[in-house]
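Positions are given from 1 along the sequence. All ligand and atom numbering here is 1-based and tracks the order in the structure.
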Amino acid sequence: MSTDRHQDPKAWFMQARFGMFIHWGVYAIPGRGEWVMYREHIPAKEYAGLADQFNPRHYKPRDWVALAQDAGMRYMVLTARHHDGFCLWDSKTTDFTAPKTAAKRDLLAEYADACHSMGMRMGFYYSLADWRFPGGLYCYPHDPAIDYEPMVAQAHAQIRELLTGYGKVDLLWYDGGHPGGIWRGEEMDAMVRSLQPEIVTNGGPGTPGDFVTHEQNTDGDPRPWEACVTMNDCWGYVPSEKNYKSVMQLIGTLVTCASKGGNLLLNVGPAPEGRIPAAAADRLRSIGKWMRVNGEAIYGSTRTVLRPPSEVGNATQVGNRQFLHIHAWQGSTLAIAWVGNRVTRGRVLATGTEARVEQKGDRVWLHGLPQYAPDPDISVIELEVEGEPRYPELRFHF
Ligand code: GLC
């Protein structure tokens, strides 16, 4: 018997460090974001007409998986159903689904097949709240006059469908769990874990999950955590919104998450016909190039005691190996300090250049580095030290 059975089946999640978030549904058609129904107060009947136009001819989830893999992403999370109530899958609970409207296909099944056959960890985003129900405007506090039960029953039934009809589900990403206290959360969590015992979740309504989600921030958390972040300023497809972060910023965000022992779930909002916008795809390919050289400094990373000046760079640790991620390259010599171990080696990942190490106490100079940044985005230097990396004894004088 292999020792695999002793390994934590959920451990993959906190090694993965990088995943793809996908916001996609009928709201891609107006192209004004996944909140368009709410923001423009569109009646459910009128909004339902979008489903009659939602026929994504260019939807090829294998291309999405291939792009995510190329970017170095290790898991994917697709909006199975957002707050608007439209189901990408063949739900028996409603007619507002892709198979029963213009698409006439179970789009979620195709996504699940693509992930499973291509070895990608597969996750579903699921919004408990559904705007089409009384009380579904989840930003409102609990209202005793509302009967929430039809919406709650739908959530239980739909989650059951999602976790029984699509093979192994690695991750369930809950959203919209307000107002609290209505969801029969413990019963829901017990169902989820009995149907998919190895699943990781970001916490059901009122029940702790396996990790916590930080939306649009990389502050970190003592618990296992993930930051979900947009590439431009929108989750869903908004073609006119072009405020994309640069590749350097996106890699920097990934490094920040990794340096705090967290994951980055980076969002894309595909167009109605199923294509990921070129601005996003191009950036993912560039991140992928960087990951192929520097991924060993990201996957499985933990916090480290190494603290390069934040103006210059950041740091991660994988096992006993420490990595400096330099965004402001300093030329042929790099100075760092507050190093608690003897440094035995410094190596530039992009070029293989071995640095000449000079050390005086906690101060370290790496000489003989390339004059110009070896990587146009962030250049990574691996440091080898004697013993377990530690912080030097604090000295309160200079
Ligand atoms: C925000 C948005 C929601 C999106 C979520 C992702 O809550 O309002 O639409 O799905 O972020 O974390």
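Each of the following atoms of ligand 1 lies closer than 4.0 Å to a heavy atom of C228: 12 (O). Near E34, with a cut-off below 4.0 Å to any heavy atom, the atoms of ligand 1 are 2 (C), 3 (C), 4 (C), 9 (O). The contact set between ligand 1 and W35, taken as ligand atoms under 4.0 Å from a residue heavy atom, comprises 2 (C), 3 (C), 8 (O), 9 (O). Residue contact check: Y125 has heavy atoms under 4.0 Å from atoms 10 (O) of ligand 1. Every atom of ligand 1 with a heavy atom of H82 under 4.0 Å away is listed here by number and element: 3 (C), 4 (C), 9 (O), 10 (O).
The OG1 atom of T304 sits 12.5 Å away from atom CZ of R321, with the distance rounded to the nearest 0.5 Å.
Judged by distance alone, the side chains of H23 and T79 never bring a donor and an acceptor atom under 3.5 Å apart.
Electrostatic pairing of R105 and D90 does not count as a salt bridge here, judged by no charged N lying under 4.0 Å from a carboxylate O.
Annotation: ring-ring contact (aromatic ring centres under 6.0 Å, His included) contacts involving residues 279-312, sequence neighbours excluded, are absent. Within the structure, every pair that satisfies the side-chain hydrogen bond (donor to acceptor under 3.5 Å, both in side chains) test and touches residues 49-60, not counting sequence neighbours, is listed here: H58-R275.
In terms of polar-atom proximity, W173 is not counted as a contact of ligand 1, lacking any N or O under 3.5 Å from an N or O of the ligand.
Each of K260, H325, R303 was evaluated against T316; a single residue qualifies, H325, per the side chain to side chain donor-acceptor pair (under 3.5 Å) test.
At a heavy-atom cutoff of 4.0 Å, ligand 1 is contacted by no atom of N267, backbone or side chain.
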